[in-house]
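Input: a single structure, listed below in structure tokens.
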Amino acid sequence: MAPAGIPTPRHTRPRRRVWIAAVAVAVTGAVALTGCGKSSTSGTSGSSGKVKVGLITKTETNPFFVKMKEGAEKEAKAKGVTLMTAAGKFDGDNSSQVTAIENMVAAGVKGILITPSDTKAIVPAIEKARAKGTLVIALDTPTDPQSAVDALFATNNFQAGVLIGQYAKAHMGSTPAKIATLDLAPGVSVGILRHNGFLKGFGAASVDDKATQLASAPQVVCSQDTQGDQAKGQTAMENCLTKTPGINLVYTINEPAALGAYTALKAKGLEKSVTIVSVDGGCTGTKAVQSGEIAATSQQYPLKMASQGVDAVAAYAQGGAKASGYTDTGVTLITDKPMTGVDSKDTAFGLANCWG
């Protein structure tokens, strides 16, 4: 959508054009992006001199991205910049994210913060935006290749996996593991990194190529994709239990998938004999650790990603250098059953720092 006003039909008379342009100027602050899932503009964007920052998330319903948006809105207000937001209609909705990038560039944003749904397919749209001088920063999920964006502000997802892998190994002790991995989706970098990190931390695989998802570790007896969804996590766990009896350890891409797995295990009376570990650290997931449904989770910090991203764009707009490279926004292992040799914090800490 062009920032200067609302396009008028060719047959509109000149006087009508002038009236429409005047109305457009008056309502600029209330205009929302369209064609990119649910979108909005926050801040006093009617001030033409204000720097505009775009935030594009995978969805706007996932608590992780809700918290990310809240962090961006708070920081945008503090920095005196206008925040434009957009989201996909569902996780994996690349076309809506492409449209959002195009609309934001047309609206004159100085920088775009994005959690890419499809880490490869989004790259051409990002390259076009950068070619026009727009700073593009990935949040949470690296693009493929990571160099497609100017910078990445994210959890070290590989390290998040390593932490829960180390925890799981210590927890299992000398008991032989039969592992089910409930993953994200093929080709999505965040899922690959967490999966491989878990295997590395557990000692089930020596991971040199972090970009290729590994499922060949001998301890892994079942792998299913869940798209990070609770219902699909339950179905995936049911499938694994049917395929391979005796599973005693479950790795999940996130806590909704973990809770789905727990539901399936409980239905079979196996919830006390199978250990579940996960990643994210949302409030619901942290409470599940507290109650014992999940043994441990690696907590990440979406609000921090978003606020640092807004800061970077604001600084660039004021003549500072472009953000570049990777900024680690931190990860903490949360459990109430700590293991010797594995650094962790308890659920009191987790609940004080959770989101959602």
Side-chain angles (χ1 to χ4, degrees), residues 154-183 190-208 210 214-223 237 240 246-255 257-259 261-262 265-266 270-301 304 328-355:
T155 305
N156 184 329
N157 281 292
F158 186 80
Q159 181 60 23
V162 168
L163 285 173
I164 58 169
Q166 290 174 339
Y167 177 88
K169 181 65 174 178
H171 181 81
M172 295 299 290
S174 60
T175 302
K178 295 184 73 173
I179 304 170
T181 67
L182 304 192
D183 297 303
V190 64
I192 293 170
L193 289 167
R194 292 181 185 183
H195 174 102
N196 288 356
F198 167 76
L199 294 182
K200 176 74 171 181
F202 193 83
S206 177
V207 181
D208 296 317
K210 297 178 184 178
L214 302 178
S216 57
Q219 296 95 329
V220 176
V221 296
C222 184
S223 292
M237 190 72 251
C240 282
I247 290 169
N248 56 11
L249 177 61
V250 180
Y251 152 82
T252 67
I253 178 63
N254 64 5
E255 291 143 7
L259 291 172
Y262 180 82
L265 290 166
K266 188 174 182 180
L270 299 172
E271 74 276 14
K272 295 187 183 301
S273 59
V274 180
T275 299
I276 302 174
V277 294
S278 194
V279 179
D280 263 357
C283 294
T284 299
T286 303
K287 289 175 183 176
V289 174
Q290 188 178 50
S291 66
E293 295 169 298
I294 302 172
T297 192
S298 288
Q299 186 172 68
Q300 52 182 342
Y301 305 103
K304 189 175 181 181
D328 186 350
T329 54
V331 61
T332 307
L333 182 71
I334 303 297
T335 184
D336 283 336
K337 298 176 180 178
M339 293 290 140
T340 301
V342 183
D343 290 338
S344 65
K345 298 285 188 181
D346 62 17
T347 55
F349 176 92
L351 290 171
N353 292 277
C354 67
W355 40 268

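- Judged by distance alone, with hydrogens and angles left aside, the side-chain atoms of Thr329 form a donor-acceptor pair with the main-chain N or O of Ala154 at under 3.5 Å.
- Side chains of Thr181 and Asp183: a donor-acceptor N/O pair is present below 3.5 angstrom, by distance only.
- Between the side chain of Asn157 and the main chain of Ala160, no donor-acceptor pair closer than 3.5 Å is present.
- Looking only at side-chain heavy atoms (C-beta outward), Glu271 and Tyr262 come within less than 4.5 Å of each other.
- The minimum heavy-atom distance linking Ala180 with Cys240 is given by the pair CB-SG, 4.1 Å.
- Between the side chains of Ser344 and Tyr167, no donor-acceptor pair of N or O atoms lies under 3.5 Å.
- The local environment of CG in Asp343 is sparse, with at most 12 non-hydrogen atoms from other residues, nucleotides or ligands closer than 6.0 Å.
- Between the CD1 atom in Ile164 and the OG atom in Ser298 there is a gap of 5.0 Å [rounded to 0.5 Å].
- Between Thr252 and Ala258, the closest heavy-atom pair is OG1-CB, 3.2 Å.
- For the residue pair Asp336/Gln290, the side-chain donor-acceptor check at 3.5 Å is not satisfied.
- Taken from OG1 in Thr335 to CD1 in Ile294, the straight-line distance is 10.5 Å, to the nearest 0.5 Å.
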**Message:** side-chain contact (heavy atoms from CB on, under 4.5 Å), that's the test. Do Leu265 and Ile276 meet it? Break it down for me.
**Reply:** CA-CA 10 Å; Leu265 290 166; Ile276 302 174; 3.8 Å; yes
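- Note: Leu259 CG to Met237 CE = 13.5 Å, rounded to the nearest 0.5 Å.
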**Asked** Under the side-chain contact (heavy atoms from CB on, under 4.5 Å) criterion, do Phe158 and Asn196 qualify, and how do the steps go?
**Response** CA-CA 7 Å; Phe158 186 80; Asn196 288 356; 4.0 Å; yes
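- Taking the side chain as every heavy atom from C-beta outward, Thr347 and Ile334 approach each other to under 4.5 Å.
- Annotation: the span from Lys169 atom NZ to Thr175 atom OG1 amounts to 10.0 Å, rounded to 0.5 Å.
- What you find for Val274 and Leu249 is that their closest heavy atoms are CG1-N, 4.0 Å.
- With 3.5 Å as the limit, one finds a donor-acceptor pair spanning the side chains of Thr332 and Tyr301.
- With hydrogens and angles left out, the side-chain atoms of Thr297 and Ser278 include no donor and acceptor closer than 3.5 Å.
- Within a 6.0 Å sphere centred on NZ of Lys178, other residues, nucleotides and ligands contribute more than 12 heavy atoms.
- Between Leu333 atom CG and Met339 atom CE the span is 10.0 Å, to the nearest 0.5 Å.
- Between Thr275 and Met172, the closest heavy-atom pair is OG1-SD, 4.5 Å.
- To the nearest 0.5 Å, atom CG of residue Asn248 and atom CD1 of residue Ile179 are 8.0 Å apart.
- Minimum interatomic distance between His195 and Tyr251 (heavy atoms only, all atoms of both residues): N-OH, 3.3 Å.
- Here the side chain of Glu255 pairs a donor or acceptor atom with the backbone of Gly282 at under 3.5 angstrom.
- In plain terms, the two heavy atoms of Gly350 and Gln299 that are nearest each other are O-NE2, 3.0 Å.
- The pair Arg194-Asp280 meets the salt-bridge criterion, with a side-chain N (NZ, NE, NH1 or NH2) lying under 4.0 Å from an Asp/Glu carboxylate O.
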